[in-house]
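These notes are about the structure you will find just below.
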Amino acid sequence: MKKDITKAKHKGVFRALRLFFRRLKGHWGILLLLLIATSLAYLNYKPGTFLIGWDSLHPEFNPVLDLKRGLFSVWQEYRGTGLLAGMAHASDLPRVLLVYLFSVLQVPPNLIRYLTTFLPLLLGPIGVYLFIHKQVFGKDQDTRTIETVSFLGGLFYLLNLGTMQTFFVPFESFTWFYGLFPFLIYFTTKYLSRPSIGSLIKLTFVSLISAPAFYVETIFVVFILCLLPFFLKLRPSISALFAITAPQLFWLLPVIFFVFTNGQVATNNHINNISSPETYERNLEFANPKNLIQLKGFLFKYLDLGNDNKYELLLSTWITHLNNPVIYLLGFFFFLIILSGIYFGLKNKLKWSPSLFGTTLICSFFLLGGGLLLNSSFPLLGELFRSPFTKFSIPLMFCFSIFFAIGTVFLLDLFTFLHSRLTYNLTLFTVFVSLFVYMSPAFSGNLIDPKMRVSIPDEYFELFNYMQTQDPASRIANLPQYVFWGWQYYNWGYRGSGFLWYGLPQPILDRAFDVWEKSSERYYEEISTAIYNNDKEKFEETINKYAINWLLIDKHIIAPESRSDLGLEKIQNFLADNPKFILDKSFNDQIFLYKVNLTTPHQ
């Protein structure tokens with residue numbers, strides 16, 4: 001009797017295993033996409049380094065602190081003189097929770113951002129695969145072909161120039177939008193096809209975990225715009241829109257409050273008044289059909305500081321690669337497949353093809369310069385869409401990927417007259433290999449800019465640890481602040497808008513916050529004037545006025561091409577033998593922390 005029970009249990013286990021492997025065999029495309037994406041991630045990882053630079057977010061420096069700041073994000077006390085949240089800081093909470101989990105599991109801090117950046121790289125192609133496999137083709141289609149073209153659609157989403165530009169200088173909002181946009185579309189269309197409570201709950205959950213994609217809140221506007229062509233029926237569309245929007249209210253309401261109470265700050269500050277037109281002009285330079293076809297954006301002409309402290313083209317490796325005539329023509333070959341997919345999908349009335357085509361038109365409108373109409377009529381909206389490529393390229397990539405998969409079916413149909421299995425396999429193999437050849441620099445470590453993979457000197461972590469023991473209500477001024485743009489360069493390789501506040505519990509008067517609060521901008525104007533006029537009295541007056549308790553002087557900061565005066569010599573003269581400024585601690589003779597004896601005590 002016992003043997004019979006044991007056999008029955010074993011039969012149940014074996015039956016479950018057989019079922020699992022049968023289903024696994026039916027989705028080999030997912031496994032292969034995961035394998036390729038994981039390999040790509042590994043080849044763009046450098047052991048012992050941090051993935052840091054440009055506008056990167058770093059809660060891994062102090063996950064608990066960042067969780068608290070995210071939960072109470074309406075007022076950002078730690079940013080400059082304090083400011084209303086102009087960006088959707090709270091939206092990053094799901095990702096910060098993941099970072100916190102990694103820290104609890106004792107994952108090394110330098111590895112955490114690699115993981116949270118590569119995770120959406122893996123997810124995005126799978127989302128595309130599922131959408132094609134489950135939502136585009138009907139059951140009357142050949143199973144093998146559906147599986148294969150779903151895989152190729154996911155592979156195109158992974159291996160295209162738009163993906164490279166999203167990850168080359170990765171910013172969490174864009175990388176997570178890349179990873180979760182396909183899932184948002186998949187679960188939205190799944191609900192719209194067959195409305196049910198279960199599918200509505202799934203859509204709500206996916207929307208919630210997608211919140212980090214909307215750290216740049218205008219991406220949520222872009223997402224809704226791209227979703228409109230899918231809303232064909234009123235009642236389920238309203239339910240779907242509610243399921244998508246409701247989970248975002250925890251960050252959306254503070255942003256709406258900021259827009260109505262303090263929105264003019266973002267449009268009127270000096271940095272944006274100068275940089276916004278320049279940024280939009282950079283995008284307009286690439287606003288033509290030729291670049292749209294290839295998914296090329298302004299980064300292809302962007303200059304960045306090289307290792308020799310000289311400016312060079314950011315994407316020089318890719319530019320050289322694409323100058324090869326064969327590679328260049330491959331980009332247009334892929335677009336021909338996409339065009340055939342649009343034709344084939346619309347002619348055969350494949351499910352969601354009209355909606356995808358509508359989203360393609362919306363994205364193309366903005367990427368071809370349509371935002372100029374908004375700039376002239378609605379300045380605030382113009383400011384929101386000043387860099388359309390970073391926002392609309394991802395939905396366009398998604399649509400191109402779907403039409404690429406459909407176009408591959410059309411390509412296969414062209415050879416059906418040969419009735420040859422060899423021709424079928426050869427066609428698929430050619431498309432598969434062409435994608436790898438076209439994007440080959442990504443597999444040699446150029447999916448992510450090598451300059452984003454750097455080692456952070458130990459003295460910064462020593463500083464973070466030391467400041468944990470100091471009054472968190474005191475205020476820090478970091479120097480030098482020699483540059484108007486709030487974009488710093490360091491001799492150990494970092495370049496970007498800053499990172500210190502992720503490890504410091506104290507508020508810090510950094511240039512990165514000027515665009516969101518007028519008083520932060522005024523502080524820079526006053527302290528800069530005092531330093532470069534060599535006005536010691538004005539310098540001390542400014543320190544007192546802004547209730548500064550600490551001066552943080554970082555000698556790692558450099559001036560690009562050594563063109564600018566950092567003002568360090570003048571600052572040192574102000575501090576020398578001055579009882580108002582006492583050297584409290586030095587970190588490796590590179591970072592100096594001075595305690596300020598305020599005339600007016602900090603409140």
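Between F118 and F167, the gap from one ring centroid to the other reaches at least 6.0 Å. Side-chain rings of F436 and F443 approach one another, their centers coming within less than 6.0 Å. A centroid separation of less than 6.0 Å is found between the aromatic rings of F220 and W251. When ring centroids are compared, F333 and Y438 stay outside the 6.0 Å threshold.
Under a 3.5 Å cut-off, the side chain of S355 and the backbone N or O of P229 do form a donor-acceptor pair. When atom types are taken as modelled, the side chain of S56 and the backbone of F171 share no donor-acceptor pair closer than 3.5 angstrom. For N446 (side chain) and W318 (main-chain N/O), no donor-acceptor pair under 3.5 Å exists by modelled atom type. Side chain of Q165 to main chain of G297: a donor-acceptor pair is present (N/O by atom type, distance under 3.5 Å, no hydrogens or angles). Judged by distance alone, the side chain of T163 and the main-chain N or O of L159 form no donor-acceptor pair under 3.5 Å.
The aromatic rings of F156 and F404 sit parallel, their planes meeting at an angle under 30°, below the 60° perpendicular limit.
Considering only residues two or more places apart in sequence or on other chains, S199 meets the side chain to side chain donor-acceptor pair (under 3.5 Å) condition with S196. Residues passing the salt bridge (Lys or Arg N to Asp or Glu O under 4.0 Å) test with D449, sequence neighbours excluded: K451. The side-chain contact (heavy atoms from CB on, under 4.5 Å) check on P109 picks up F50, with sequence neighbours excluded. Annotation: side chain to side chain donor-acceptor pair (under 3.5 Å) contacts of S497 (sequence neighbours excluded): D55. Taking the side chain to side chain donor-acceptor pair (under 3.5 Å) definition, one finds that W352 meets it with Q135, sequence neighbours left out. Every residue meeting the side chain to side chain donor-acceptor pair (under 3.5 Å) condition with K351, not counting sequence neighbours, appears here in chain and number order: S193. For F344, the ring-ring contact (aromatic ring centres under 6.0 Å, His included) partners are F410, not counting sequence neighbours. Residues passing the side-chain contact (heavy atoms from CB on, under 4.5 Å) test with L71, sequence neighbours excluded: L93. By the salt bridge (Lys or Arg N to Asp or Glu O under 4.0 Å) test, D92 is found to be paired with R95, residues two or more places apart in sequence or in another chain being considered. Legend: residues meeting side-chain contact (heavy atoms from CB on, under 4.5 Å) with Y328, ordered by chain and number and at least two apart, are K290, Q294, F332. Looking at residues two or more places apart in sequence or on another chain, you find a side-chain contact (heavy atoms from CB on, under 4.5 Å) between I238 and L234.
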Could you walk me through whether L119 and T175 satisfy the side chain to side chain contact (heavy atoms under 4.5 Å, CB included) test, starting with their C-alpha distance in whole Å, then the side-chain angles of each, then the deciding distance to 0.1 Å, before giving a yes or no?
CA-CA 9 Å; L119 177 62; T175 55; over 6 Å; no

F366 and L225: side chain to side chain contact (heavy atoms under 4.5 Å, CB included), yes or no, with the steps?
CA-CA 11 Å; F366 282 96; L225 280 174; 4.2 Å; yes

What's the verdict on side chain to side chain contact (heavy atoms under 4.5 Å, CB included) for I185 and L227, showing C-alpha distance, side-chain angles and the deciding distance?
CA-CA 8 Å; I185 297 295; L227 204 58; 3.5 Å; yes

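Sorted by first then second residue, the salt bridge (charged side-chain N to carboxylate O under 4.0 Å, His left out) pairs that include residues 121-133, not counting sequence neighbours, number zero.
Side chain to side chain, E60 and S103 fail the donor-acceptor criterion of an N or O pair below 3.5 Å.
Under the ring pair (Phe, Tyr, Trp, His ring centres under 6.0 Å) test applied with Y157, the options Y129, F400, F131, Y178 reduce to a single match, Y178.
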